[in-house]
Novice: 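Attaching a single structure in structure tokens format; questions to follow.
By convention in this document, chain letters (A, B, ...) are assigned in the order of the sequence lines, proteins followed by strands, and residues within each chain are numbered from 1.
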There are 2 protein chains.
Amino acid sequence: MDGHARRIPDATVARLPEYLRILVELAEQRIGTVSSERLAELAGVNAAKVRKDLSYLGTYGTRGVGYDVDYLLFQMRQALGVTQDWPVVVVGAGNLGRALANYAGFSDRGFPLAAVVDVDDAKVGTTVGEVAVRPMSDLAELVRANQPVIGVIATPGPVAQLVADQLVAAGVTAILNFAPALVSVPPNISLRKVDLALELQILSFYQSHRESGSASRSWA
Amino acid sequence: MDGHARRIPDATVARLPEYLRILVELAEQRIGTVSSERLAELAGVNAAKVRKDLSYLGTYGTRGVGYDVDYLLFQMRQALGVTQDWPVVVVGAGNLGRALANYAGFSDRGFPLAAVVDVDDAKVGTTVGEVAVRPMSDLAELVRANQPVIGVIATPGPVAQLVADQLVAAGVTAILNFAPALVSVPPNISLRKVDLALELQILSFYQSHRESGSASRSWA
DNA sequence: GACTGTGAAGTAGTTCACAGCT
DNA sequence: AGCTGTGAACTACTTCACAGTC
């Protein structure tokens, strides 16, 4: 609420969840303080980048000492907006949709599965990861009941735009698209894409061109 | 083989698979020629970027006309190294591993599933997406038999580094890591990471901060 | 002495704008 | 006239290096 209103670069935002994951681990190990050097090592980046990234959130370190793990963890959660859970609605109960619905890594990290919906009547009613598959017509109701919701598109590419439109119409403001297709949404709806085959193709490129140096991006 | 030896920026490499997907669609629709403008629209970027990206691959366009779809498609496949299939070995037969193994989008786009391996004897022998789960001890043999192979890590975070080491020892030179953990590999091994929860957290950030403008990165 | 926070310098990526070919 | 290919200008991001604080 009081937060620094400094604009945070996209590149920094993309790294914050990684820092969050590390801070959670450090806190579990009862480590009270961490230096930018150590955080950098754990995140696979350099210390200057860590300090600059964290400085966008505020002045949370102590010179000569480092960062208090619990305090930084709190601030990081605050910055990321993950102080409360964000329920997830998965659209598409095919292989990918069922997998995502079953994937414990979501609920564990604050994104509990609220529902799975599918257009296919044959799939409606079957159970997937603790919940029953519901028809698309229930979407608006499900979103209303769980707001704020993140919509996950796990359908074939050709219907992805249609599904995105329905999600937006139902009141979803954040969408993660796993379908291999371009989806466009109104501004102020947040959208990210994960395309698994695309990642493999990028690997293929670097393998095909690995003569010299920069084949592997050392992060990850 | 003859290819331009111009160094291709990482940002460009990351967009090439998207262009590839679009070119495949255009070719299926029997569209013979495409302009940078049209390609840009389909990829959700601007035309200058498309032209610059394609210019790194070579001079494949015709001024006043545009790009020949089939020819550009051929060159794009060449550049990405996806003229032959790349078999994939999935490590981890949990929810995520099984999902990835079943995901048709892989085989469809030139990454057939070669094998699934797991440490858990209870899972070994069960069938997942056309193949039987094999023990970790078979890894080296499986890799040898299918070279070149892409290794996919679909295990819990804490064992990801161990698995990566085993993949590298087995002769895998490209790894896609789905485990929420930092993995490091020797240089000249290509490594990419996909962390599903991390993507949701990035969405959470932009939702929490959506007052003005750039909440959604319009790509995707 | 140790470590953060940050201007300044350096590097990578994007967009402009137009010359050059068809 | 239409559309590519690309230097040049611009913007974003990273890294350096050091003043400031504990």
Side-chain angles (χ1 to χ4, degrees), chain A residues 3-16 18-19 23 26 31-69 71-72 75-76 79 202 205-206 213-214 217-219, chain B residues 3-16 18-19 23 26 31-69 71-72 75-76 79 202 205-206 213-214 217-219:
Chain A
H4 265 254
R6 228 121 119 257
R7 165 129 191 55
I8 303 183
D10 289 345
T12 293
V13 172
R15 283 186 294 267
L16 297 182
E18 193 66 35
Y19 300 141
L23 289 168
L26 293 172
I31 290 168
T33 297
V34 68
S35 66
S36 60
E37 190 88 43
R38 179 75 181 125
L39 249 178
E41 188 189 331
L42 294 169
V45 299
N46 72 31
K49 199 181 272 181
V50 169
R51 290 201 299 278
K52 188 138 276 194
D53 284 345
L54 297 183
S55 77
Y56 289 113
L57 306 181
T59 308
Y60 300 141
T62 308
R63 289 162 200 240
V65 179
Y67 300 88
D68 181 88
V69 171
Y71 183 55
L72 186 56
Q75 295 296 346
M76 186 66 69
I202 295 172
F205 175 90
Y206 286 110
S214 82
R217 324 248 239 100
S218 344
W219 58 280
Chain B
H4 264 253
R6 228 123 119 255
R7 165 130 187 56
I8 304 183
D10 289 346
T12 294
V13 172
R15 282 186 295 267
L16 297 182
E18 193 67 35
Y19 300 140
L23 289 168
L26 292 173
I31 290 168
T33 298
V34 67
S35 66
S36 60
E37 190 87 43
R38 180 73 181 125
L39 249 179
E41 188 188 330
L42 294 167
V45 300
N46 71 30
K49 199 182 272 181
V50 169
R51 290 201 298 278
K52 185 136 281 192
D53 284 345
L54 297 183
S55 77
Y56 290 113
L57 306 181
T59 308
Y60 300 141
T62 308
R63 289 162 200 243
V65 179
Y67 301 88
D68 180 88
V69 171
Y71 183 53
L72 186 55
Q75 294 297 346
M76 186 66 71
I202 294 172
F205 174 91
Y206 285 111
S214 81
R217 324 247 240 101
S218 344
W219 58 278

Novice: Rounded to whole angstroms, how far apart are CD1 on A/I8 and P on D/dT14?
Specialist: 14 Å
Novice: Rounded to whole angstroms, how far apart are CG on A/D53 and P on D/dT14?
Specialist: 7 Å
Novice: Run the numbers on B/L54 and B/M76 for side chain to side chain contact (heavy atoms under 4.5 Å, CB included), then give the verdict.
Specialist: CA-CA 9 Å; B/L54 297 183; B/M76 186 66 71; 3.8 Å; yes
Novice: Please state how far atom NZ in B/K52 lies from atom C1' in D/dT4, giving the value in whole angstrom units.
Specialist: 12 Å
Novice: In Å, rounded to the nearest 0.5 Å, how long is the span from CD1 of A/I31 to CG of A/D68?
Specialist: 12.5 Å
Novice: Please check the phosphate of D/dT14 (OP1 and OP2 only) for any side-chain N or O of A/R51 closer than 4.0 Å.
Specialist: no
Novice: What pairs with B/E41 under salt bridge (charged side-chain N to carboxylate O under 4.0 Å, His left out), at least two apart in sequence or on another chain?
Specialist: B/R38
Novice: Using atom CD of B/Q75 as one end and atom C1' of D/dT4 as the other, report the distance to the nearest whole Å.
Specialist: 16 Å
Novice: After noting the C-alpha distance and the side-chain angles of B/V45 and B/D53, does the key distance pass the side chain to side chain contact (heavy atoms under 4.5 Å, CB included) rule?
Specialist: CA-CA 11 Å; B/V45 300; B/D53 284 345; 5.9 Å; no
Novice: Counting side-chain heavy atoms from C-beta on, which of D/dG5, D/dC16, D/dC13 comes nearest to A/A48?
Specialist: D/dC16
Novice: A/S36: what forms a side-chain contact (heavy atoms from CB on, under 4.5 Å) with it, not counting sequence neighbours?
Specialist: A/A47, A/V50, A/R51, A/Y67
Novice: Does A/K49 put a side-chain nitrogen or oxygen below 4.0 Å from OP1 or OP2 of D/dT15?
Specialist: yes
Novice: Heavy-atom distance under 4.5 Å between the side chains of B/Y206 and A/V13, does that happen here?
Specialist: yes
Novice: What are the 5'-most and 3'-most nucleotides of DNA chain C lying under 4.0 Å from any heavy atom of chain B?
Specialist: C/dG13 to C/dT22
Novice: Could you tell me the separation between the CG atom of A/L54 and the C1' atom of D/dT15, rounded to a whole number of Å?
Specialist: 16 Å
Novice: Quick one: is B/S35 getting a side-chain N or O under 4.0 Å of the D/dC3 phosphate, OP1 or OP2?
Specialist: no
Novice: Is any side-chain heavy atom of B/T33 closer than 4.5 Å to one of B/V65?
Specialist: yes
Novice: Would you mind classifying the nucleic acid contact of B/R38 as base, sugar-phosphate or nothing, using non-hydrogen atoms under 4.0 angstrom?
Specialist: nothing
Novice: In whole angstroms, how far is the C1' atom of D/dC3 from the CG atom of B/N46?
Specialist: 15 Å
